[in-house]
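First the proteins, then the strands, lettered A, B, ... as listed; each starts at 1. Here the structure is a predicted model, which is why all the values come from computation and not from measurement.
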Protein chains: 2
Amino acid sequence: MGATSARERDDEGRADVRWLDVEQQWAWRRFLEGTSRFFEALGDAHDQGLPVTLGEYHLLVQLSEAPGRTLRMSALADFLALSRSRLTHTVDRMERRGLVVRTPVPGDRRGVNCVMTDAGYAALVDAAPGHVTAVRRLLVDALTPEEFATLGRAMAKVADAARGPAAP
Amino acid sequence: MGATSARERDDEGRADVRWLDVEQQWAWRRFLEGTSRFFEALGDAHDQGLPVTLGEYHLLVQLSEAPGRTLRMSALADFLALSRSRLTHTVDRMERRGLVVRTPVPGDRRGVNCVMTDAGYAALVDAAPGHVTAVRRLLVDALTPEEFATLGRAMAKVADAARGPAAP
DNA sequence: TGACGATAGTTGATTCATCAACTATCTTGG
DNA sequence: CCAAGATAGTTGATGAATCAACTATCGTCA
């Protein structure tokens, strides 16, 4: 039977659901399995000798590209698609390890800037080669250039769909 | 500068890393952002009135398709790309709520079967329409049929790459 | 047969994520 | 000016994921 499969009817109400056909279901499951295994493998690659988790790494990347290696908490949360609370906790941990520091935002006394330290930058430089190598092996080089480009375009659309719930 | 970007050199060793070019990097970041936002949004849709999490839902789907609505723990872990430990904990929680039960495996006294109860099946039937609708809105209908099909094929390759670390 | 290594699954400690509640500042309409 | 509401960020409790260590059974090869 199965859920997401055509014909899940029994007798329940909801006759109006458009179930997935066999091919759609195949693609959907590959998507699920692929993302799951990919992130697991990428995380493993990071644990291999790197002292930053995958999430911390992405945070450092964002900071490294910002002017002054500095970004407001809210901007950071936005770029990383993280909840504010989660970012607070993550930055707590990284601050304890000296990878970032918090400073007040000049104009706005509610705001907090997150600034990458030299130690943070060093950690990023340290982790980058292994990271890129893993991303290549697991994703980029596993696909044809066309497939990878389509993947990028498709996921951009998906991000939009997830961001804006409804816009008539 | 950034990590995963071309030219991350400073002076470090590791001259041999093949960095991503601008387009590759764009695609890679869209992939990251898209998956992150997609799973967050899908999880939210599940919290809207459904008493099973996304992970539990997928577990029930697998069971619903197995003969006797029964699967060994190890097979289930495999299908769902879950660690054994995580599966144990998840099944613990679901068993407490009566969605599944554990039974011994006939031939092998090490083994444990996970069996879906009627309540588990009812929960699945209950959650399915909302689930499929969300998957459609956030993924399937957000893409062209070609894009979605390519996404499926691509992620199948990615899953393979992540499963087999190296096979000459 | 019986010792050894592999396989199956669990446990509990630690780490991490999530959620609701909270403080503080900022903005805007009256 | 100032009250109401929006924004920014934190906190702490709860629940879930991870990791290493552990028990038990199985398979096999000497």
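- For the pair R136(B) (side chain) and R18(A) (backbone), a donor-acceptor distance under 3.5 Å is present.
- Side chain of S74(A) to main chain of R72(A): no donor-acceptor pair is present (N/O by atom type, distance under 3.5 Å, no hydrogens or angles).
- In this structure, the side chain of T117(A) engages the main chain of L99(A) through a donor-acceptor pair within 3.5 Å.
- Atom CG in L80(B) sits roughly 15 Å away from atom C1' in dA17(D) (whole-Å rounding).
- The backbone N or O of L32(A) sits nowhere less than 3.5 Å from a side-chain atom of S36(A) that would complete a donor-acceptor pair.
- Here the P atom of nucleotide dT25(D) and the CZ atom of R72(B) are 14 Å apart, to the nearest Å.
- In summary, contact between chain B and DNA chain C, defined as any nucleotide atom under 4.0 Å from a heavy atom of the protein, begins and ends at dT7(C) to dC19(C) in the 5' to 3' direction.
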Begin from the C-alpha positions of Q62(B) and L59(B) and carry the test side chain to side chain contact (heavy atoms under 4.5 Å, CB included) through to its verdict.
CA-CA 5 Å; Q62(B) 290 297 332; L59(B) 194 155; 5.9 Å; no
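- Against DNA chain D, the stretch residues 83-99 of chain A makes heavy-atom approaches under 4.0 Å through R84(A), S85(A), T88(A), H89(A).
- Summary of the strand contacts: R110(A) and E56(A) both lie near DNA chain C, and taking for each the nucleotide with the nearest heavy atom, the more 5' one is attributed to E56(A).
- Salt bridge absent: E56(A) and R93(A) never bring a charged side-chain N and a carboxylate O closer than 4.0 Å.
- For an aromatic pair to be called close, the ring centres must be under 6.0 Å apart, and F38(A) with F31(B) satisfies this.
- Between D160(A) and K157(A), none of the side-chain N atoms (NZ, or NE/NH1/NH2) sits under 4.0 Å from a carboxylate O, so this pair counts as no salt bridge.
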